[in-house]
Amino acid sequence: MNDFTGKILEVDLTDKKIKEKNLDKELYKDFLGGLGLGARYVYNNQVENVDPLDPRNTLGFVPGLLNGINLPLSGRLSVVGKSPLTGTFGDANVGGFFGSELKKAGFDGVFIRGKAEEPVYLNIRENESEIHEADELWRGSTKETIETIRKERGKNTRVASIGPSGEQESLISSIIFDGYRAAARSGLGAVMGSKNLKAISVKGNKEVNIANENKLKEIREEMVDGLSKKPSRVTGIIRKLIQPILPWLLRRGVTGYFDEGTLLDMFKEYGTSMTTSISTEMGDAPCKNWKGVGSRDFPYKEASKISDENVTKYQDRDYACATCVVGCGGIVSVGEPPFEVEEVKKPEYETLAAFGSMTLNNDVESIIKCNEICDLYGLDTISTGSVVAFAIECFEKGILSKEDAGGIELNWGNKEAIVELTKMIAKRKGLGDLLADGVKEATKEIDDGANECAMHIRGQEIPMHDPRLNPSFGNAYVTDPTPARHTKGGAGFNEMGATPNPFKEIELLEINRNEYEGKGNAHAISVKIQLLLDSLGICLFLGYFGKFPLLEAINAVTGWKRSKESLLETGERIQAIRQSFNIREGIHSYDFSLPKRVKGNPPLDAGLTEGITIDLDTMRKDFYQSMSWKEDGTPSEDKLIELGLRDVAEEL
Ligand code: SF4
C-alpha cells in the first residue's frame with residue numbers, strides 16, 4: 001500500500017492513442033513524483049535535439065508524490081518538457097487542484113507527444129480517457145475554455161487550458177489551471193499550442209492509498225496545529241505602529257521582525273502581495289528594468305500603492321490550493337473604469353513587481369488588468385511585465401519610435417500604455433507580435449542598443465529577486481538547468497532571511513550575504529530541498545511558516561524507511577538528471593550568464609545595493625564543486641554512477 005498509483009498515461013496525439021503504463025516502483029524511490037519523476041521520464045523518452053515545438057517534444061503533467069492526500073500545502077504539480085523559450089530542460093510548478101485530481105483518477109502523470117490534426121482537448125477519467133475535438137474552444141480565452149468543458153464534463157472537473165497566446169506559440173505563454181493558478185515559466189503553453197492541444201480535463205474519485213494512516217493523521221494534526229497557532233512577534237497593531245519607520249529600517253536591511261508567526265499572519269491576510277513595498281525599498285524587487293534604485297526611483301510611498309492592503313481591498317473572496325490551510329490566494333475584481341475586471345486571481349508579488357516597480361507603475365488597478373489579460377490569454381506575468389519594461393526603455397532611448405509602438409507613448413509609469421501593450425502582446429498585434437516571444441527574440445528585430453535593455457538568461461526573463469541584494473539568486477539563475485528560476489533560488493532564500501526549508505529533519509548551513517566564497521554547500525543543500533518540494537508537491541511557502549516532520553510523512557505515506565541523507569541524495573539525483581538533459585542537448589550551464597546590469601556592472605549609485613558588483617564566478621565554481629560537477633557544469637561520471645545513473649554516465 002503506498003501513495004503512488006504506479007501508473008501513468010501516455011498520449012500520442014498524432015496517432016490518437018492513449019495508453020496506460022505501469023512504472024517500475026524503484027523509479028519513485030529514486031525520483032519521487034512531480035518534477036523528479038517528470039525529469040526522469042523526459043530524459044528517458046525524449047528524442048535528442050528535437051525542436052521544442054516539434055510534435056516529438058514530450059510534455060508532462062506530473063503531480064507531486066504527496067498529492068491527493070490531505071497533508072497541508074501538498075497539492076502542487078510540475079509541468080515538464082523541453083522549453084521553447086530557453087531550449088533547455090523546462091519546467092513550471094503550479095498549485096490548485098489538478099495534481100490531486102489526477103492522482104484520484106489513478107495516474108501519477110500524463111505525458112503527451114505528437115500533434116493532433118485539429119484542435120483537441122484531452123479528457124482524463126479512470127479507464128475511459130479520450131481525445132475530444134476542440135474546434136469551438138480554439139481562439140477562446142482560458143476562462144471560456146474552462147467554463148465550456150465544465151458544462152460538458154461536470155462542474156467539479158479540473159481543467160488546465162492554454163489561451164490564444166499558447167495557440168499562437170508565444171514563447172512566453174503559460175498554462176492556466178482552473179482559472180486561478182498558472183504554470184507560467186519556460187513557455188510550456190506554446191508546447192501545448194504546437195500540439196493543437198487546447199486543454200486537459202480530469203475528474204477522479206479513487207482514494208489514494210496510505211501505508212500508515214494513523215501516523216499520517218498524527219503528522220497532519222501537528223502540521224495543522226503549527227499552521228494555525230503560531231505565535232507572532234508582530235501583531236497587526238504593532239505592524240501598523242512601525243509602518244512610519246519601516247522604510248528607514250528596510251533601507252538598512254533590518255527585517256528581523258519577520259518571524260514565522262508574522263509571516264504566516266501576513267500571508268493569510270495579503271498573500272505574496274505583502275512583500276511588494278518591502279522588496280522594492282530594500283532592492284529585492286528590480287526597478288526600472290533593473291537599472292533603477294527602488295528606494296529612490298519607486299520609493300516606499302509609491303510601492304505601497306501596489307502592496308498588501310492596497311491590493312487586498314479589491315479582494316472579493318479568499319482562495320486556497322488543495323489541502324492548504326494557509327490560503328495565500330484571493331479572487332479580486334475592479335468595478336470602475338478604465339480598468340474594470342470582473343474576476344481574476346489576486347496578483348502575486350512577482351506580477352506586482354513585473355508590472356509595477358519594473359515599469360514604475362504605481363496604479364494597482366492597471367496591474368490587476370494586466371494580470372487578467374495574462375490569465376485569459378495565457379501569458380507568464382514575469383516575462384510579460386519584463387518585456388513591457390524592456391519596450392519602455394527602448395522607447396525612452398529612442399530605439400523604438402511612437403510609430404513602432406502603434407501610436408502609444410511608451411513612457412515609464414504610463415499605466416494606459418502598459419495595459420495597451422500587454423493587450424497587443426496577448427493578441428500578437430503590431431509591436432506586441434515582436435514582444436510575444438520574449439526580449440531575446442525581440443532584440444533580433446529591433447535596432448542596435450536593444451540588446452543592452454534585454455534582461456534575460458538564455459531567453460527567459462529574470463524573476464523579481466535582485467542578485468545585487470541576495471547574490472545566491474544570481475548563482476541559481478545561471479546554474480539551474482532551467483535558467484532564471486527563483487523557485488530554485490537555493491541559498492538566495494537563506495540570504496533573504498526567510499528560508500523555505502520545511503523539513504524538520506534537515507538543517508541548512510549559515511551563510512553571509514556579503515561573502516562569495518564557501519557558499520557552495522549551503523546553496524546545494526537549499527537547491528536540493530527545493531527540488532524535493534517540487535517532486536513531493538509541497539508548496540515552497542510551507543518553509544516560511546516553520547519546520548514539519550516531512551520525512552516522517554513520506555515514510556508514513558509510502559511505507560519506505562528513508563533517511564534524511566537518502567532524501568538529500570534524491571534531490572541531488574533530480575538535479576543531475578535535469579542537468580544531464582541539457583548536456584545531452586549540447587547545452588552547458590557555464591555558458592549561462594547574467595546580464596551585466598543585473599550583476600551590478602556598473603553598480604547602482606544609491607540604495608542598500610549601492611556599489612555592489614556580484615562575484616558570480618566564485619559562487620558558481622563553489623556550487624559545481626559541491627555537486628561534483630565539472631567546471632563546465634557537467635556532472636562527473638563518478639557522481640552519476642554514485643547516484644545510480646550509470647545509463648546517463650554512459651550516454652554522456
Ligand atoms: S500557501 Fe498559497 S500557493 Fe501555497 S498551497 Fe497555500 S494557497 Fe497555494
Side-chain angles (χ1 to χ4, degrees), residues 33-35 63-79 92-103 158 160 174-185 220 223-224 226-228 230 258 260-276 308 311-312 315-332 344-352 371 375 381-382 463-464 485-489 493 498-503 529-530 532-548 550 553:
L35 178 59
L65 184 79
L66 300 182
N67 277 193
I69 58 170
N70 193 17
L71 198 70
L73 282 77
S74 67
R76 297 190 73 93
L77 162 138
S78 287
V79 185
N93 188 262
V94 64
F97 295 81
F98 192 94
S100 300
E101 204 68 32
L102 200 50
K103 270 281 176 78
R158 302 296 172 188
S174 66
I175 304 165
I176 301 293
F177 287 71
D178 292 330
Y180 301 131
R181 286 287 184 240
R185 306 251 66 199
R220 188 183 292 139
M223 289 181 73
V224 171
L227 290 165
S228 35
K230 190 128 286 201
F258 291 112
E260 287 167 356
T262 307
L263 277 173
L264 181 60
D265 285 353
M266 291 178 78
F267 254 75
K268 284 180 176 173
E269 205 171 338
Y270 305 120
T272 54
S273 78
M274 65 167 254
T275 59
T276 318
D308 44 81
V311 177
T312 50
Q315 187 161 320
D316 300 320
R317 59 183 201 276
D318 297 339
Y319 177 86
C321 304
T323 75
C324 183
V325 294
V326 175
C328 74
I331 309 301
V332 297
V344 70
K345 70 177 189 296
K346 177 170 61 187
E348 300 287 346
Y349 159 74
E350 299 286 328
T351 308
L352 291 159
N371 195 33
D375 278 10
T381 56
I382 295 177
M464 301 294 111
R485 296 298 308 280
H486 66 291
T487 50
K488 317 282 191 309
F493 289 103
T499 309
N501 170 27
F503 287 90
I529 288 171
Q530 287 144 25
L532 288 172
L533 294 176
D534 279 359
S535 303
L536 294 167
I538 300 267
C539 178
L540 186 68
F541 297 146
L542 181 63
Y544 288 162
F545 315 132
K547 290 190 160 195
F548 304 93
L550 289 184

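Quantities reported herein were computed from a predicted structural model and do not represent experimental measurements. Each ligand, and each atom within it, is numbered from 1 in the order the structure gives.
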K.L.:
Which of the numbered atoms in ligand 1 are under 4.0 angstrom from any heavy atom belonging to Arg76?
P.N.:
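Close to Arg76: 3 (S).
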K.L.:
Using the side-chain contact (heavy atoms from CB on, under 4.5 Å) criterion, which residues pair with Arg185? Sequence neighbours excluded.
P.N.:
Asp380, Ile382, Ser383, Gln460, Glu461, Pro463, Arg485
K.L.:
For atom 2 (Fe) of ligand 1, report each protein N, O or S atom nearer than 2.8 Å, sorted by chain and then by residue number.
P.N.:
Cys328 SG
K.L.:
Quick check against the 3.5 Å criterion: does Thr276 have a side-chain atom that pairs as donor or acceptor with the backbone of Ser273?
P.N.:
yes
K.L.:
Residue-level breakdown please: for Glu348 versus ligand 1, do any non-hydrogen atoms fall below 4.0 Å on the side chain, on the backbone, on both, or on neither?
P.N.:
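Near ligand 1, Glu348 shows nothing, with every heavy atom at 4.0 Å or more.
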K.L.:
Can you measure from OG1 (Thr381) to CG (Asp375) and round to the nearest 0.5 angstrom?
P.N.:
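Reported value, rounded in 0.5 Å steps: 7.5 Å.
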K.L.:
Just by modelled atom types, is the Lys345 backbone N or O under 3.5 Å from a matching donor or acceptor in the Asn371 side chain?
P.N.:
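A pair under 3.5 Å: yes.
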K.L.:
Does Lys488 have any salt bridge (charged side-chain N to carboxylate O under 4.0 Å, His left out) partners at least two apart in sequence or in another chain, and if so, which?
P.N.:
Asp91, Asp534
K.L.:
For the backbone of Ser228 and the side chain of Lys268, can you confirm whether one donor and one acceptor N or O come within less than 3.5 Å of each other?
P.N.:
no
K.L.:
Identify, with sequence neighbours excluded, every residue that meets side chain to side chain donor-acceptor pair (under 3.5 Å) alongside Tyr180.
P.N.:
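Tyr180 satisfies side chain to side chain donor-acceptor pair (under 3.5 Å) with Arg317, Glu343 once adjacent residues are dropped.
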